[in-house]
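Along the sequence shown, residues are numbered consecutively beginning with 1. This is a predicted model, so every value here is computed, not measured. Order of listing sets the numbers, starting from 1, for every ligand and every atom in it.
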Amino acid sequence: MELETSVYRPNVAVYDSPDGVEVRGRYDQVFAKILTRDALGFVAELQREFRGHVRYAMECRREAKRRYNSGAVPGFDPSTKFIRDGEWVCASVPPAVADRRVEITGPVERKMIINALNSGAKVFMADFEDALSPSWENLMRGQVNLKDAVDGSITFNDKARNKVYKLNDQVAKLFVRPRGWHLPEAHILIDGEPATGCLVDFGLYFFHNYAKFRQTQGSGFGPFFYLPKMEHSREAKIWNSVFERAEKMAGIERGSIRATVLIETLPAVFQMNEILYELRDHSVGLNCGRWDYIFSYVKTFQAHPDRLLPDRVLVGMGQHFMRSYSDLLIRTCHKRGVHAMGGMAAQIPIRDDPKANEMALDLVKKDKLREVRAGHDGTWAAHPGLIPICMDAFSHMGNNPNQIKSMKRDDASAITEEDLLQIPRGVRTLEGLRLNTRVGIQYLAAWLTGSGSVPLYNLMEDAATAEISRVQNWQWIRYGVELDGDGLGVRVSKELFGRVVEEEMERIEKEVGKDKFKRGMYKEACKMFTKQCTAAELDDFLTLAVYDHIVAHYPINASRL
Ligand SMILES: CC(=O)SCCNC(=O)CCNC(=O)[C@H](O)C(C)(C)COP(=O)(O)OP(=O)(O)OC[C@H]1O[C@@H](n2cnc3c(N)ncnc32)[C@H](O)[C@@H]1OP(=O)(O)O
Ligand SMILES: O=CC(=O)O
Ligand SMILES: [Mg+2]
């Protein structure tokens, strides 16, 4: 089926919502097939049952932040030592996803979904999170696209190129990543309050797809999910309860739904066993969400001027704290019988420069070889052009679908708090400040106009990588760091940053061209990015702070007709 959303016709139709649910997003008859009374009722049930737990978990995050801001550092929790020391394992891995050696990721756009499912990767992670700007249109089209993908009918007609896209006979297994717990969904009000974004993403997708998915994709299991940005096992416990609630509603066996948790916050690295324990009936492993993890390192230590990061390009998996994190994740997952997934290399193919392309692909190859040799069971690819390289690196596993039983099940306690917190080494440069600024502004301009992942300077940029640019600038300005890598001995100040912003805006205008610059939201993005980098207090999330700019409420009177 080709997706054809209708043109805007005010005051003509409304979604059929249950009591207490108000849909404020644009009406569309295609969206109405997703926003049915029963599906909205299910989302409302989840919201009502879990909103108190989510609120409490977010308050705990704020409390932890107060502690870190007063000098404390995250560490292992003595009260849950029994979980770390215990000899439990997670439920066995569903055969359908035993082999996850290469997973492609991408936003829930129609053409991307078809390309990703056809890409030859074992898994496609369809993203409502880092790679998606969560506008009403993107979210609802994403739900429609996923429904068509699960029932196998999805097509896309690229009229300009006279090309029709449809699914191959063999497709990747689908995982869906809902938003993080912190993001609201302002277009759906439940009992007068914005719904929790991830419960909308999860609830609508699950409601419409569980039956078909289990038949066609999961061999009796599923649906499968990726869970982002958690900071503590209490948040995993909420997800576990959400899954149990959904399984009960659907009348399917407990443990059918499976999820991989991204370990992508610094506090969560000390909670890996606890997170797996909470989700032990629903887990298929952990993943190294390396970009958010770096962002989280800066955020967690925002009040620790002794822990400043070097240039963003120098904070890679070679840094001791990053290697320790990946090692601990492998040991923990394998001890508990589940996949230890690697992360995303940011390089993408470079079409117009063969030499640069070769170097980029070589970096991806080295990264993937490091992962498979370290013991990871699979990895992420940002682009279909990278899949052969990733596959080749993971052929190191031979005929085995994974390395869960064969690699690194030895004692995780060899990796200490000091290893995990070690300050990354390297220099800081004016070019680092410039690059952060150029990338941050362009990413935000794209996000404000509906694109959550973009190619910039031959790298994949999404919400997680842009966060690093933002918080690093904030940190350098806040502490007036010395740029010690270019021999100038200059200290970063608001004045220096102001000049950098002006010059980088000129450069962006030259690079993208006057027309695109005028049409795009570069000036608005520049204002927002500058405000965030120079704020007295660091905003928790870039996208949360600017979310209001992409909220588009349908006229309230129309929705009451
Ligand atoms: C930190 C994290 O969270 S990582 C996970 C979240 N981030 C992501 O998922 C990013 C995924 N990747 C992307 O979004 C894209 O690759 C980008 C934006 C970086 C680059 O996209 P483009 O500029 O379209 O790349 P390019 O022009 O080379 O694409 C060539 C083809 O590959 C397709 N393609 C590119 N990336 C993907 C992908 N991830 N999945 C499916 N298809 C893809 C394009 O649609 C295009 O298809 P076509 O030839 O049929 O038109
Ligand atoms: O979600 C992945 C990350 O690296 O962040
Ligand atoms: Mg992430």
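- Taking every heavy atom of Val454 and a limit of under 4.0 angstrom, the matching atoms of ligand 1 come to 18 (C).
- Atom 15 (C) of ligand 1 has its nearest heavy-atom neighbour, among Glu109, Arg161, Met112, in Met112.
- Ionic pairing of Lys122 and Glu103 is not present here: no N-O contact between side-chain nitrogen and carboxylate oxygen is shorter than 4.0 angstrom.
- At a threshold of 4.5 Å between non-hydrogen side-chain atoms, the residues Tyr547 and Leu183 do not count as touching.
- For atom 25 (O) of ligand 1, the candidate residues are His383, Glu467, Glu103, Arg290; the nearest heavy-atom contact is made by His383.
- One finds a salt bridge joining Arg177 and Asp130 here, because a Lys/Arg side-chain nitrogen approaches an Asp/Glu carboxylate oxygen to under 4.0 Å.
- Under 4.0 Å is where a charged nitrogen must lie from a carboxylate oxygen, and between Glu129 and Arg179 no such pair does.
- Near Arg177, meaning under 4.0 Å from any of its heavy atoms, are these atoms of ligand 1: 3 (O), 5 (C), 6 (C).
- With 3.5 Å as the limit, one finds no donor-acceptor pair spanning the side chains of Asn240 and Glu278.
- Atoms of ligand 1 lying under 4.0 Å from at least one heavy atom of Ala131, given by number and element, are 6 (C), 7 (N), 8 (C), 9 (O).
- With respect to atom 4 (O) of ligand 2, the closest heavy atom belonging to the protein is Trp291 N, 2.8 Å.
- Nearest protein neighbour of atom 26 (P) of ligand 1, counting heavy atoms only, is Arg351 NH2, 3.0 Å.
- Note that atom 40 (N) of ligand 1 has protein non-hydrogen atoms nearby, at separations under 4.0 angstrom.
- Under a 4.0 angstrom heavy-atom cut-off, Trp380 registers as being in contact with ligand 2.
- The Mg ion (ligand 3) is closest to atom OD2 of Asp292 (considering only N, O or S atoms).
- No side-chain N or O of Asn402 forms a donor-acceptor pair with one of Arg100 less than 3.5 Å apart.
- Atom 3 (O) of ligand 1 has its closest protein heavy atom at Asp130 OD2, 2.8 Å.
- Salt-bridge formation is detected for the pair Glu59/Arg62: a Lys NZ or Arg NE/NH1/NH2 atom is positioned less than 4.0 Å from an Asp or Glu carboxylate oxygen.
- Some N or O of Thr105 is nearer than 3.5 Å to an N or O of ligand 1, by distance alone.
- The N/O atoms of Thr465, backbone and side chain alike, include none that comes under 3.5 Å of an N/O atom in ligand 1.
- Nearest protein neighbour of atom 47 (O) of ligand 1, counting heavy atoms only, is Asn115 ND2, 3.1 Å.
- Here Asp158 has no heavy atoms under 4.0 Å from ligand 1, in either its backbone or its side chain.
- Using a 4.0 Å cut-off between charged nitrogen and carboxylate oxygen, Arg110 and Asp148 count as a salt-bridge pair.
- Every atom of ligand 2 is numbered from 1 in the order shown, and the set under 4.0 Å from a heavy atom of Ala464 is 5 (O).
- Within the structure, the closest approach of Glu264 to ligand 1 does not fall below 4.0 Å when heavy atoms are considered.
- Residue contacts with ligand 1: Tyr165 is included, with a non-hydrogen atom under 4.0 Å away.
- Ion pair Glu235/Lys229 not flagged as a salt bridge, since none of the NZ, NE, NH1 or NH2 atoms sits closer than 4.0 Å to an Asp/Glu carboxylate oxygen.
- Around atom 6 (C) of ligand 1, the closest heavy atom drawn from Asp292, Asp462, Ile468 belongs to Asp462.
- The backbone N or O of Val261 sits nowhere less than 3.5 Å from a side-chain atom of Asn287 that would complete a donor-acceptor pair.
- Of the candidates Leu174, Val176, Asp151, Leu174 is the only one forming a side-chain contact (heavy atoms from CB on, under 4.5 Å) with Phe213.
- Nearest N/O/S atom of Glu264 relative to the Mg ion (ligand 3): this is OE1.
- Residues Asp539 and Arg470 meet the side-chain proximity criterion, which asks for heavy atoms closer than 4.5 Å.
- On a distance-only criterion, Ala116 and ligand 1 share no N/O pair closer than 3.5 Å.
- Using modelled atom types, one finds a donor on one side chain and an acceptor on the other under 3.5 Å when comparing Thr437 with Asn473.
- The shortest N or O to N or O distance between Asp292 and ligand 2 is under 3.5 Å.
- There is no protein heavy atom less than 4.0 angstrom from atom 22 (P) of ligand 1.
- Where the criterion is an N or O separation shorter than 3.5 Å, residue side chain and backbone included, Ala382 meets it with respect to ligand 1.
- Looking only at side-chain heavy atoms (C-beta outward), Ile257 and Phe202 come within less than 4.5 Å of each other.
- When Lys229, Met460, Lys163, Met344 are checked for heavy-atom proximity to atom 19 (C) of ligand 1, Met460 turns out nearest.
- The shortest heavy-atom distance from Glu129 to ligand 1 is not under 4.0 Å.
- For ligand 1, the atoms sitting less than 4.0 Å from at least one non-hydrogen atom of Asp127 are 6 (C), numbered in the order shown with element in parentheses.
- A salt bridge is defined here as a Lys NZ or Arg NE, NH1 or NH2 lying under 4.0 Å from an Asp or Glu carboxylate O, and Lys65 with Glu231 fails to meet this definition.
- Of the protein's non-hydrogen atoms, the one nearest atom 18 (C) of ligand 1 is Ser453 O, 3.4 Å.
- The shortest contact between atom 36 (N) of ligand 1 and any protein heavy atom is with Pro384 CD, 3.5 Å.
- The pair Asp362-Lys365 does not count as a salt bridge, with every side-chain nitrogen at least 4.0 angstrom from each carboxylate oxygen.
- Proximity of atom 13 (C) of ligand 1 to the protein is indicated by at least one non-hydrogen atom lying closer than 4.0 angstrom.
- With 3.5 Å as the limit, one finds a donor-acceptor pair spanning the side chains of Ser326 and His376.
- Closest to atom 1 (O) of ligand 2 among all protein heavy atoms lies Arg177 NH1, 2.8 Å.
- Here's the thing with Lys111: one of its N/O atoms is less than 3.5 angstrom from an N/O atom of ligand 1.
- The shortest side-chain heavy-atom distance between Val93 and Ile404 falls under the 4.5 Å cut-off.
- From the protein, the heavy atom lying nearest to atom 2 (C) of ligand 2 is Glu264 OE1, 3.4 Å.
- The atom name of the N/O/S atom in Asp130 closest to the Mg ion (ligand 3) is OD2.
- For the residue pair Gln271 and Ser233, a side-chain donor N or O sits within less than 3.5 Å of a side-chain acceptor on the partner.
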